[in-house]
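Here is the structure we will look at.
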There are 2 protein chains.
Amino acid sequence: MTGTPAQKDKSPFQTAAQRKATREAKREAVLLAAVRMFNERGFHATSLDDVATSLGVSKPTIYHYLGNKDQVLLECVSIGLSQLQDAAEAARARPGKGIDRLRFFLERYAQVNMEDFGRCVIRTGEQLLSPESAARFREKKRAIDDALRALIEEGIADGSVATQDPRLLGFTLAGALNWPARWFDPTGPLTREEAARRMVDILCTGFAPR
Amino acid sequence: MTGTPAQKDKSPFQTAAQRKATREAKREAVLLAAVRMFNERGFHATSLDDVATSLGVSKPTIYHYLGNKDQVLLECVSIGLSQLQDAAEAARARPGKGIDRLRFFLERYAQVNMEDFGRCVIRTGEQLLSPESAARFREKKRAIDDALRALIEEGIADGSVATQDPRLLGFTLAGALNWPARWFDPTGPLTREEAARRMVDILCTGFAPR
DNA sequence: AATGCAATATACCCGATAGTAGATTTTTTG
DNA sequence: CAAAAAATCTACTATCGGGTATATTGCATT
């Protein structure tokens with residue numbers, strides 16, 4: 001048996017698929033490093049030099065994987081928004097009354113907003129992006145809003161959700177559950193799941209005694 | 001009667017007090033122009049040249065009234081925060097059950113967040129300010145948070161507010177009522193007062209049917 | 001072995017803008 | 001009216017950071 005090499009996948013020689021995968025992994029590492037710095041120090045206070053240095057590479061390497069700073073930010077918020085979109089679809093696919101599906105969505109929504117990419121969605125003002133990127137950003141946020149509105153309407157239709165003004169209810173719920181992007185501290189007393197659950201409870205029953 | 005002039009206060013000659021007042025008025029005009037541009041285009045996307053031009057003056061004029069850009073922003077958020085502080089004190093001074101005082105505060109709080117300086121408070125990340133200014137900013141925000149918490153606790157004490165977790169209730173309410181800083185449009189269908197009232201209603205009773 | 005592409009680096013350019021120096025005009029006051 | 005003070009301007013400096021031109025290294029495919 002002459003040919004078969006002893007090394008299975010620690011060979012330094014990669015297949016085309018492996019190369020593509022490591023490239024993708026590097027791209028994602030750039031985005032993760034970037035989003036963390038954006039969240040911590042702010043977009044403008046984070047130079048791509050900073051991001052590069054934090055990864056032990058130089059700035060042109062980032063440009064090798066992503067076109068420019070605007071694209072880096074757009075990618076980051078797009079990841080966060082697709083997580084929210086996934087949550088919406090999962091809620092949509094659930095059985096149960098409208099209120100249950102709504103609560104399911106709201107919990108996930110809150111949880112995403114406590115994670116790196118979700119936080120970035122909330123903290124990123126449209127002004128930070130180029131006009132074209134901002135348009136795509138708005139579009140995707142709009143889809144999330146619509147999904148939330150639809151869940152509310154379904155709840156109203158089956159009598160499990162009570163409100164005078166679905167639009168305003170949507171804004172109110174979203175606002176309450178966006179805010180953890182600013183205050184939640186994962187090293188604090190609550191887990192993401194627990195914090196999300198309790199917030200949704202509060203929103204569901206209100207603060208007046210029943 | 002030789003002396004008494006016919007012009008009462010349209011004389012171009014001002015008293016010391018009047019001069020001080022016009023100076024203050026100019027300072028405030030700068031802050032108002034600045035905060036509007038900050039809210040619209042973002043802090044970093046607004047140069048002091050832009051602000052100056054919008055007032056028909058040149059940049060050094062701004063420096064004549066305010067020390068530097070950091071101070072301009074700090075002044076803006078300080079105005080917003082003092083409006084919130086006023087709301088807290090007014091609520092504190094009210095008669096009635098805890099829940100009524102809390103609702104009073106929350107409505108004002110929401111209204112402030114739909115106005116120029118309040119919006120700026122919400123939209124300003126601490127990273128935009130110098131470390132020293134950021135510390136003062138945090139301090140003042142902290143005071144508002146504490147006031148909200150205190151009102152909640154009073155409601156709990158007299159049985160008019162129901163919650164398992166006052167801290168989280170505070171965050172949830174604040175988040176919901178901060179969010180209008182991002183979405184509220186004064187040219188839209190609702191007045192500030194009406195929007196605030198409805199949001200507080202939603203938060204008070206929740207979205208589950210009673 | 002030779003050619004080519006992917007990955008990465010160094011060193012640079014350039015535009016924007018915060019902040020300043022110094023002159024100038026206007027107003028107040030002695 | 002003269003001198004001082006306040007208000008404002010023009011023109012400049014300095015810095016930062018996004019983005020690029022170009023060189024280098026090394027694996028990969030034929």
Side-chain angles (χ1 to χ4, degrees), chain A residues 5 7 9-30 33-34 37-38 41-76 127-130 132-133, chain B residues 5 7 9-30 33-34 37-38 41-76 127-130 132-133:
Chain A
Q7 347 99 280
D9 65 11
K10 13 182 143 170
S11 159
F13 301 93
Q14 303 185 320
T15 68
Q18 281 173 331
R19 280 205 321 278
K20 191 161 182 189
T22 58
R23 188 180 215 286
E24 184 56 25
K26 287 182 186 177
R27 199 183 128 101
E28 278 165 18
V30 170
M37 293 180 90
F38 291 164
R41 313 153 65 151
F43 179 70
H44 283 293
T46 304
S47 74
L48 290 187
D49 262 322
D50 292 337
V51 176
T53 303
S54 84
L55 290 164
V57 298
S58 70
K59 186 168 52 170
T61 298
I62 291 184
Y63 282 89
H64 183 68
Y65 291 99
L66 292 150
N68 56 29
K69 202 183 178 188
D70 179 66
Q71 226 178 90
V72 173
L73 182 56
L74 179 61
E75 270 303 299
C76 289
Q127 342 110 10
L128 299 184
L129 290 161
S130 68
E132 308 79 51
S133 300
Chain B
Q7 345 99 282
D9 64 12
K10 11 181 141 169
S11 159
F13 301 92
Q14 302 186 322
T15 68
Q18 281 172 330
R19 279 206 322 279
K20 191 161 181 188
T22 59
R23 189 179 214 285
E24 185 55 25
K26 287 182 186 177
R27 200 183 127 100
E28 278 165 18
V30 169
M37 293 181 90
F38 291 164
R41 313 153 64 153
F43 179 71
H44 283 292
T46 304
S47 74
L48 290 187
D49 262 321
D50 293 337
V51 176
T53 303
S54 84
L55 290 164
V57 298
S58 71
K59 185 169 51 172
T61 298
I62 291 184
Y63 282 89
H64 184 67
Y65 291 100
L66 292 150
N68 55 31
K69 201 183 179 188
D70 180 65
Q71 225 176 93
V72 173
L73 182 56
L74 179 61
E75 270 302 300
C76 288
Q127 341 111 7
L128 299 184
L129 291 161
S130 68
E132 307 79 51
S133 299

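In the text below, chain A, chain B and the rest are named by the order of the sequence lines, each starting its count at 1.
- Listed by first and then second residue, the ring-ring contact (aromatic ring centres under 6.0 Å, His included) pairs that reach into residues 52-72 of chain A come to none, sequence neighbours excluded.
- Closest contact between the side chain of B/R19 and the listed nucleotides C/dA7, C/dT10, C/dT29 involves C/dT29.
- Computed from coordinates, the B/L55 CG to D/dA7 P distance equals 16 Å when rounded to whole Å.
- B/R41 meets the salt bridge (charged side-chain N to carboxylate O under 4.0 Å, His left out) test with B/D50; sequence neighbours excluded.
- A salt bridge (charged side-chain N to carboxylate O under 4.0 Å, His left out) check over residues 56-75 of chain B, counting only residues at least two apart or in different chains, returns the pairs B/R27-B/E75, B/D49-B/K59.
- In this structure, the side chain of A/S133 does not engage the main chain of A/L74 through any donor-acceptor pair within 3.5 Å.
- Two residues are said to be in side-chain contact when any heavy atoms from C-beta on lie closer than 4.5 Å; A/E28 and A/E24 meet this criterion.
- The side chain of A/T61 places no N or O atom within less than 4.0 Å of a non-bridging phosphate oxygen (OP1 or OP2) of C/dT8.
- Atom CG in A/L48 sits 10.5 Å away from atom OG1 in A/T53 (nearest 0.5 Å).
- A search for side-chain contact (heavy atoms from CB on, under 4.5 Å) contacts involving B/S58 returns B/P60, B/T61, not counting sequence neighbours.
- Remark: B/L129 CG to B/Q127 CD distance equals 9.0 Å, nearest 0.5 Å.
- Atom-to-atom, CG of A/D70 to P of D/dG18 comes out at 12 Å; the value is rounded to the nearest Å.
- Distance, A/L128 CG to D/dG18 P: 13 Å, rounded to whole Å.
- By the 4.5 Å heavy-atom criterion applied to side chains, B/L128 and A/H44 are not counted as neighbours.
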Give me, pair by pair, the N or O atoms of the protein and of nucleotides 16-18 of chain C that are less than 3.5 Å apart, along with how far apart they are.
residue	atom	partner	partner atom	Å
C/dA18	OP1	B/K69	NZ	2.9
C/dA18	OP2	B/L48	N	2.8
C/dA18	N7	B/K59	NZ	3.2

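- Taking side-chain N and O atoms only, A/R23 has a distance below 4.0 Å to OP1 or OP2 of C/dA7.
- For the OP1/OP2 pair of D/dT8 and a distance below 4.0 Å, the side-chain nitrogens and oxygens of B/H64 include no atom meeting the criterion.
- Remark: C1' of D/dA28 and NZ of A/K20 are 18 Å apart, rounded to the nearest angstrom.
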- Report, as a single string ordered 5' to 3', how protein heavy atoms within less than 4.0 Å touch nucleotides 21-26 of chain C: B base, S sugar-phosphate only, - not at all. B-----
